Amino acid sequence: MAKKIQPRIYKGTRDFLPEQMVKRQYVIQILKTIFEKYGFEPLETPTIELWETLSGKYGEEADRLTYRFVDRGKREVGLRYDLTVPLSRVIAMYPQIPKPFKRYQIQPVWRADKPQKGRFREFYQCDVDIVGSPSVLADAEIIAIIYESLTALGFQQFKIRVNSRKILFGITEVSGAGMDRELEVCRAIDKMDKIGIEGVKQELQEREIPPAAIQKILGALSIEGDNQTRLNHIAAYLQESETGKAGVAEMQQLFEYLSYYQIPDSALTLDLFLSRGLDYYTGPIYETVVEEPKIGSITGGGRYDNLIGLFSGQDQPATGSTIGLERIITVMEELNMFPEDLRTPVQVLVTVFDESTLPYSIRIARELRAAGLNTDLYTGKSKLRGQFGLANDKGIPIVVIAGPEEQAAEAVNVKDMRSGNQQTVPVSDAAEVIRQLLSAKTG
RNA sequence: GUGAGUGUAGCUCAGUUGGUUAGAGCACCAGGUUGUGGCCCUGGGGGUCGGGGGUUCAAGUCCCCUCACUCACCCCA
């Protein structure tokens, strides 16, 4: 025998065993259904992109965290860091795609950072984006789909935080912090809920923002009250900034649109401290946070009107959000939000009594399969006892016995593993009986 | 890249001031049950105590180095 290689796995990556896959597919299925209900169409793009496609789009930090290789032909390539940049490349490459274009995309992305709780090197993202609409109606659609998605998955305590990069830029501009300091200022105030207002102040000082400017920035941001009150307050600060005023106007419009979607106020908040890390956002930005467990944001996105222009030379308005599949699953697991019986897609195990009744078992399996039941036919060597053990271990709810007695009577014995009850029924009734047992327990 | 912590069976862990043959629970296998899982009972397999070096009559235990993993910072989903 060859020397054994220790089975190991690359740090930050995971195998998804069937029991986990069933949960993942449950979540993905619900999301897909909603995405399509909102008129979004599917898209997939390659794992590997040319380095020039990926580099310089996200910011310095993200560039550093992008997996990068040289292929055999000495071409520089990388693994995609997110789904937004590949989408932008697609839009630029296929200008004939009718706009506005609403697409969803569910694929893994890769980031070369150190793994920790709720954070991996390979993980799935679910993105929904609308390309070709400059209207905040598109942003409202995205926020509405986030709300419906989370609600459908059973989330009850969550807040969609909304802000505008234009407002943040305006505040920086008016404060006199200096040109091109917007992103630094954004990054500092983004840490508000982590380090508090004093921490933000200190952060800004360390970045050598003039004290007077810091004063103004914090003054503009620290105002209590409902969304409208804070918008009015900030509007007063932004009289001198065209960008800022535009930001206020689009927030007004956005909240008006959102009111028509009937999203409850409790799930929606204007958060002037929200900033988002990536460089490419230009307008409304949004993310979703849950109080428990502490895991950071579970969705994040915003408008990026200048990104596609980097590929096509012509800007194309676009907005969208990532729905963080991994974190959603983590939260759902910790809060026990998955249905109890979500262990295997197999509904029925047809046992094999012995060689002589095997043809009968095959026939039963064939008929149950034809009736649309997910049916496993036992292919191993164990006796009945072992076959029942397998059904138990996998969580298969129904076991069918087709032994000599049953065969003689043109019948099968149907056992419900959950209750322990069993009954002998004619073959012709088997599928219907099983179907009823399955729906009785779950419905 | 920075800081902290943890490494003993497949998993979770116990292991006394250093002392003889390293344990438990769970999981796995077999039997109790030649037509029936879970619960129970009996038995069984499984360990280079992360690796290397040192101190000692004696090291899972003490010291040094190293590797791996985890958590946090940064950043993010």
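So that the names make sense, note that chain A is the first sequence line, chain B the second, and so on, each numbered from 1. Keep in mind that what you see is a predicted model, and the values were worked out from it rather than measured.
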Watson-Crick/G-U partner (both atom distances under 3.5 Å) of U56(B) | none
Considering only atom [atom1], compute the distance from [N] to [M] and round it to an integer number of Å.
{"N": "U21(B)", "M": "U61(B)", "atom1": "P", "answer": "16 Å"}
{"N": "C49(B)", "M": "C13(B)", "atom1": "C1'", "answer": "13 Å"}
{"N": "U8(B)", "M": "G46(B)", "atom1": "C1'", "answer": "14 Å"}
{"N": "G52(B)", "M": "G44(B)", "atom1": "C1'", "answer": "35 Å"}
{"N": "C29(B)", "M": "C39(B)", "atom1": "P", "answer": "14 Å"}

Within this structure, what is the [atom1]-to-[atom2] distance between [X] and [N], rounded to whole angstrom?
{"X": "Lys394(A)", "N": "G38(B)", "atom1": "NZ", "atom2": "P", "value": "17 Å"}
{"X": "Phe353(A)", "N": "U36(B)", "atom1": "CZ", "atom2": "P", "value": "9 Å"}
{"X": "Glu287(A)", "N": "C75(B)", "atom1": "CD", "atom2": "C1'", "value": "13 Å"}
{"X": "Arg14(A)", "N": "A77(B)", "atom1": "CZ", "atom2": "P", "value": "16 Å"}
{"X": "Asp416(A)", "N": "G38(B)", "atom1": "CG", "atom2": "C1'", "value": "13 Å"}
{"X": "Leu79(A)", "N": "A77(B)", "atom1": "CG", "atom2": "P", "value": "18 Å"}
{"X": "Leu390(A)", "N": "C28(B)", "atom1": "CG", "atom2": "P", "value": "12 Å"}

Could you verify whether a donor N or O on one side chain and an acceptor N or O on the other, from Thr344(A) and Glu19(A), lie under 3.5 Å apart?
-> no
Between [options], which nucleotide has the shortest distance from any of its atoms to the side chain of [X]?
{"X": "Lys11(A)", "options": "G35(B), A77(B), U70(B)", "result": "U70(B)"}
{"X": "Leu65(A)", "options": "C73(B), C75(B), G35(B)", "result": "C75(B)"}
{"X": "Asp393(A)", "options": "G35(B), G38(B), C28(B)", "result": "C28(B)"}
{"X": "Gln422(A)", "options": "U36(B), C76(B), G38(B)", "result": "U36(B)"}
{"X": "Leu384(A)", "options": "G38(B), C75(B), U36(B)", "result": "U36(B)"}
{"X": "Phe120(A)", "options": "A77(B), G35(B), G32(B)", "result": "A77(B)"}

With a 3.5 Å cut-off and heavy atoms only, can you find an N or O donor on one side and an acceptor on the other between the side chain of [X] and the base of [N]?
{"X": "Arg119(A)", "N": "C71(B)", "value": "no"}
{"X": "Lys114(A)", "N": "U70(B)", "value": "no"}
{"X": "Lys383(A)", "N": "G35(B)", "value": "no"}

Of the non-hydrogen atoms in Arg161(A) and Leu274(A), which two are nearest, and what is the gap between them?
-> O-CD2, 3.3 Å
When all nucleic acid strands are considered with a 4.0 Å heavy-atom cut-off, which category describes [X]: base, sugar-phosphate, or nothing?
{"X": "Arg111(A)", "answer": "base"}
{"X": "Ile401(A)", "answer": "base"}
{"X": "Glu405(A)", "answer": "base"}
{"X": "Gly420(A)", "answer": "base"}

Would you say a side-chain N or O of Gln116(A) is under 4.0 Å from OP1 or OP2 of A72(B)?
-> yes
Does G37(B) have OP1 or OP2 sitting under 4.0 Å from an N or O in the side chain of Arg385(A)?
-> yes
For the pair Arg303(A) (side chain) and Ile285(A) (backbone), establish whether a donor and an acceptor sit closer than 3.5 Å, ignoring hydrogens and angles.
-> no
Is it true that a side-chain atom of Ser175(A) and a backbone atom of Lys216(A) form a donor plus acceptor pair closer than 3.5 Å?
-> no
Identify, between Glu406(A) and Thr299(A), the residue whose nearest nucleotide on RNA chain B lies closer to the 5' end.
-> Glu406(A)
Under the criteria of a ring-centre distance below 5.5 Å and an interplanar angle below 30°, is Phe123(A) stacked with the base of A77(B)?
-> yes
Does NZ or CZ of Arg68(A) come closer than 6.0 Å to the centre of the six-membered ring of Trp51(A), within 45° of the ring's axis?
-> yes
Is the ring centre of Tyr104(A) less than 6.0 Å from the ring centre of Phe40(A)?
-> no
Give a yes or no on whether a salt bridge exists between Arg418(A) and Asp416(A), defined as a side-chain N under 4.0 angstrom from a carboxylate O.
-> yes
